[in-house]
Amino acid sequence: MIKKIVLMGNPNVGKSVVFSRLTGANVISSNYPGTTVDYSKGKMLLDKKQVEIIDAPGTYSLESANKAEKVAVEMLETADVVIDVVDATNLERNLYLALELLERDKPVIIALNLWDEAKHIGINIDEKKLEEILGVPVVPTVALTGEGIKTLVSKIKEAKSPKKIKPTSEEARWIEIGSIIKQVEKVEHRHHSLRDRLNDLTIRPLTGLPIAAGIIFISFWIVRIIGENLSFLITEVFERGYKPLLLGLGEYIGDGVAYNILISQEYGKIVFTESLGILSTGIYIPLGVVLPYIIAFYFMLSLLEDSGYLPRLATLLDNIFHKLGMHGYGIIPLFLGMGCNVPGALATRSLETKKQRFIAATLLAIAVPCMAQMAMIFGILGKYGIYYIFLVFLTLGILYITIGIILNKVMSGTSPEIFLEIPPYRRPSLKTTGKKTWMRVKWFLKDAIPFMIFGVAVINILYTAGVLQWLANSLQPIMEGLFGLPGETSIAMVTGFLRKDLAVGMLISLNLNALQLVIAATMLTIYFPCVAAFIVLVKELGVKGMIKSAAIMICTAINVGIILRLILIGV
Amino acid sequence: MRGNGTPLAHLKVGKTGRIIYIHGGRHEGPHGHHHGHHSLRSRLNVLGIREGQNIKILSKQPLMGPITIAVGSAQMTIGRGMAHKIIVEEL
């Protein structure tokens with residue numbers, strides 16, 4: 001009886017794509033190693049019976065080296081059948097894990113994935129011969145298009161544990177692999193392709209660095225253009241379609257506490273960014289301001305991921321990240337964190353040592369605002385000019401680098417060198433990129449919007465109860481004395497723990513000038529992560545690590561607030 | 001064989017070398033030993049970087065930065081320190 005199937009394979013061989021083909025579930029997969037740091041579970045039908053299927057993190061061998069690989073080995077123990085996903089373009093290397101799997105007492109079936117790409121670059125594999133040598137079914141697949149998946153499913157029952165492959169040593173395995181490769185693989189010589197040229201240009205420092213600067217600049221420019229225009233359109237719909245409805249509802253409810261909580265603090269007047277009603281601000285900020293930028297950002301990020309560019313960027317920037325106590329892979333949590341700090345914090349797992357992970361996570365929480373927050377910063381500062389937005393990001397950039405350098409110096413522990421696979425460039429398909437963008441946007445809608453509405457409700461109730469005014473009054477001397485901000489800014493800081501975007505939004509009604517807005521927005525980014533990111537960080541760093549990290553955040557926020565005040569406003 | 005080799009790190013961009021030896025057994029090297037028993041050699045081995053294989057240098061980042069190499073149809077970026085431990089003969 002097959003109850004549990006586990007997908008195993010090297011990193012970046014398309015395991016997650018095979019998984020989503022088998023289960024119909026949507027899983028984020030990217031063209032760089034280490035995307036699946038956790039495992040995903042799904043169900044599929046096999047002979048009309050439901051079986052569980054698990055997508056284990058990628059691993060090169062069963063002598064696990066890092067956290068993700070250990071998880072993979074644990075998953076393996078529980079499997080009834082193992083589907084080993086093998087990269088046909090890298091057969092030799094992938095066979096190592098395959099042999100290790102075959103040495104165990106588990107039924108195995110091999111999916112020879114990326115079959116089309118292997119053909120394309122002139123690698124011909126005799127899969128029948130391979131099947132014969134290994135003694136298990138071998139099925140060529142192209143998971144991206146679904147080719148071969150049906151055959152794979154139909155042969156799962158034929159998976160077996162061949163007795164002829166006995167446990168052996170590392171050396172012996174490589175010798176065995178050498179002989180297998182000789183029998184099954186033929187490689188045609190091919191010409192230097194356009195793809196190789198592009199590869200060379202983007203990875204050599206002289207051409208690669210200017211290209212990287214260009215790509216990053218253009219990406220952000222596109223995010224802003226798409227975000228701004230979408231936001232404008234959605235706002236129109238809110239103003240013309242939704243507002244009259246809401247005003248009507250307001251008249252029906254009448255003035256009172258219910259009106260204040262649902263629609264606005266002020267009777268008969270609705271300003272979507274300021275009214276703080278669950279049905280007004282609570283819905284407008286996530287849909288009208290934040291969502292457009294989330295869509296734009298994840299679209300660009302998915303494009304960069306699927307093309308395979310990010311590992312090249314990691315290579316080019318490795319030097320800089322080393323000075324900050326990480327290595328080039330540190331770019332991945334940074335980029336993911338710009339979408340949302342939660343996946344950013346999870347991505348720090350792919351760094352090898354505790355020191356690297358601590359630095360990556362702390363810098364993420366301090367200096368990397370999520371797209372929701374950035375969208376609001378664009379929103380409140382945009383009308384004063386790009387200069388003020390630039391000031392916020394310049395400050396955060398300086399912090400990322402200086403705190404990184406300091407932590408690298410003072411922390412004990414090692415920062416090993418980069419060791420990263422560079423996947424081939426792939427032309428991103430609009431369909432898969434679009435699907436991935438949609439999955440991430442859906443995740444935002446599902447997770448962020450209820451939270452936002454909850455946040456608005458909490459703030460609203462605390463307002464109505466007078467707690468927040470009391471807080472503002474008591475913190476007045478500190479906020480004003482140290483940072484040149486009105487006491488009410490402390491309310492935004494409290495809100496920031498729930499949702500940062502909402503907190504930035506609350507600054508609008510405080511009538512701050514542009515420079516005060518810069519100080520407040522910068523401090524809001526630094527002082528603490530939002531609750532969602534906080535929970536993940538505690539998990540990743542442990543309680544002790546989190547306390548250390550939080551102490552750094554709060555000290556930094558206070559110091560930066562004071563310094564910015566002195567520079568921008570004066571004493 | 002070991003006598004006439006040069007470290008991979010000394011090869012110029014675009015050149016190819018055949019690996020003759022990889023330093024870094026179980027107790028060698030100051031880096032990367034948080035994995036305990038896992039040596040640099042077997043970490044490289046599972047990625048297909050082994051004695052007898054050909055390695056091509058695709059790029060070198062400045063200031064002792066990492067090196068990007070091609071082995072078979074795979075490419076990877078490795079640190080300069082690792083590249084010093086891979087001894088090759090230039091082809």
Side-chain angles (χ1 to χ4, degrees), chain A residues 10 33 59-61 63-66 87 89-94 96-97 100 117-118 121-123 170-171 173-174 177-178 187 196 199-200 202-209 311-312 314-320 322 327-329 352-354 413-424, chain B residues 8-9 12-16 19 22 24-26 29-86:
Chain A
N10 284 189
T59 172
Y60 292 110
S61 83
E63 293 129 34
S64 53
N66 62 34
D87 174 359
T89 67
N90 265 315
L91 184 61
E92 183 171 10
R93 189 179 76 197
N94 281 251
Y96 189 84
L97 178 69
E100 280 191 312
E117 188 159 317
I121 60 175
I123 296 173
E170 207 182 303
E171 292 301 325
R173 266 180 222 129
W174 286 119
I177 289 167
V187 182
D196 295 329
N199 191 32
D200 287 348
T202 47
I203 206 150
R204 289 190 180 146
L206 222 57
T207 43
L209 284 169
R312 276 131 183 124
T315 301
L316 290 166
L317 299 181
D318 181 64
N319 260 325
I320 299 171
H322 249 289
H327 57 58
Y329 199 88
E352 292 90 340
T353 66
K354 221 173 154 182
T414 53
S415 304
E417 290 186 314
I418 191 169
F419 190 67
L420 184 64
E421 265 212 84
I422 309 292
Chain B
L8 180 68
K12 293 212 165 61
V13 173
K15 295 280 185 232
T16 302
I19 304 177
I22 297 173
R26 284 167 203 274
H31 298 295
H33 271 255
H34 51 284
H35 297 322
H37 64 282
H38 225 75
S39 69
L40 173 66
R41 223 186 113 165
S42 39
R43 272 182 80 197
L44 290 171
N45 277 349
V46 293
L47 281 164
I49 306 175
R50 302 194 316 280
E51 279 92 351
Q53 293 282 43
N54 290 349
I55 287 193
K56 188 180 177 194
I57 308 271
L58 296 180
S59 82
K60 284 177 162 183
Q61 304 303 322
L63 306 168
M64 295 305 282
I67 293 182
T68 305
I69 55 175
V71 184
S73 56
Q75 296 182 9
M76 59 209 78
T77 294
I78 63 174
R80 194 69 65 118
M82 291 180 211
H84 271 282
K85 290 180 179 167
I86 302 170

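All chains are named by letter (A, B, ...) in the order of the sequence lines, taking the proteins before the strands, and each is independently numbered beginning at 1.
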J.: How far does OG of B:Ser59 sit from CG of A:Asn199, to the nearest 0.5 angstrom?
T.: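 Output value for this atom pair is 8.5 Å.
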J.: Measure the shortest side-chain to side-chain distance between B:Gln75 and A:Arg312 over non-hydrogen atoms and say whether it is less than 4.5 angstrom.
T.: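 Answer yes - side chains close enough.
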J.: I need the minimum non-hydrogen distance between B:Pro66 and A:Thr315, along with the two atoms involved.
T.: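 Reported closest heavy-atom pair: CG-O, 3.7 Å.
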J.: Answer with side chain, backbone, both or neither: which region of A:Leu97 has an atom nearer than 4.5 Å to a non-hydrogen atom of chain B?
T.: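 Nothing of A:Leu97, per the 4.5 Å heavy-atom cut-off to chain B.
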J.: Out of curiosity, B:Ile67 CD1 to A:Ile203 CD1, how far, rounded to the nearest 0.5 Å?
T.: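 B:Ile67 atom CD1 to A:Ile203 atom CD1 measures 12.0 Å (nearest 0.5 Å).
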J.: Atom CD1 of A:Ile418 and atom CD of B:Gln61: how far apart are they, to the nearest 0.5 Å?
T.: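 Going from the CD1 atom of A:Ile418 to the CD atom of B:Gln61 covers 9.0 Å.
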J.: What's the separation between atom CG in A:Asn90 and atom CG in B:Leu47, rounded to the nearest 0.5 Å?
T.: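 Rounded to the nearest 0.5 Å, the CG-CG separation comes out at 9.5 Å.
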J.: Measure A:Phe419 against the heavy atoms of chain B and call it side chain, backbone, both or neither at under 4.5 Å.
T.: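 It is both, since atoms from each part get that close.
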J.: Could you tell me which of A:Ile121, A:Ile177, A:Leu206, A:Leu316 has the largest number of non-hydrogen atom pairs under 4.5 Å with chain B?
T.: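 Of the candidates given, the most pairs with chain B belong to A:Leu316.
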J.: Sort B:Glu51 into side chain, backbone, both or neither according to what part of it lies under 4.5 angstrom from a heavy atom of chain A.
T.: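 For B:Glu51, no heavy atom lies under 4.5 Å from chain A.
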J.: Taking every heavy-atom pair that is under 4.5 Å apart, which of B:Arg80, B:Lys60, B:Met82 has the most such pairs with chain A?
T.: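 It is B:Met82.
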J.: Where does A:Asn94 contact chain B at under 4.5 Å (heavy atoms): side chain, backbone, both or neither?
T.: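 Interface part for A:Asn94: neither.
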J.: I want to check something: taking the side chain as every heavy atom from C-beta on, are A:Glu92 and B:Arg50 in contact at a cut-off of under 4.5 Å?
T.: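 A:Glu92 reaches B:Arg50 side chain to side chain.
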J.: Check each atom of A:Leu209 against the heavy atoms of chain B and say whether the ones under 4.5 Å are side chain, backbone, both or neither.
T.: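 Neither the backbone nor the side chain of A:Leu209 comes within 4.5 Å of chain B.
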J.: Could you tell me whether a side-chain N or O of A:Glu170 sits under 3.5 Å from a main-chain N or O of B:Asn45, the two making a donor and an acceptor?
T.: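 Checked: no pair found.
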J.: Can A:Glu171 and B:Arg41 be counted as an ion pair, charged N to O under 4.0 angstrom?
T.: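 Yes, charged N to carboxylate O under 4.0 Å.
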J.: Atom CG of B:Leu63 and atom CG of A:Asp318: how far apart are they, to the nearest 0.5 Å?
T.: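 If we round to the nearest 0.5 Å, B:Leu63:CG and A:Asp318:CG are 11.5 Å apart.
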J.: Does any backbone or side-chain atom of A:Arg173 lie under 4.5 Å from a heavy atom of chain B? Answer side chain, backbone, both or neither.
T.: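 Interface part for A:Arg173: neither.
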J.: Going by heavy atoms in the side chains, are A:Arg204 and B:Val13 under 4.5 Å from each other?
T.: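 A:Arg204 reaches B:Val13 side chain to side chain.
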J.: What is the minimum heavy-atom distance between B:Gly81 and A:Glu417, and which atoms define it?
T.: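 Heavy-atom minimum between the residues: N-OE2, 2.7 Å.
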J.: For residues B:Ala74 and A:Glu421, report the shortest heavy-atom separation together with the two atoms involved.
T.: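 Closest heavy-atom pair between B:Ala74 and A:Glu421: CB-OE1, 4.5 Å.
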J.: Measuring heavy-atom distances to chain A, does B:Thr77 have an atom under 4.5 Å in its side chain, in its backbone, in both, or in neither?
T.: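 Both parts, heavy atoms under 4.5 Å.
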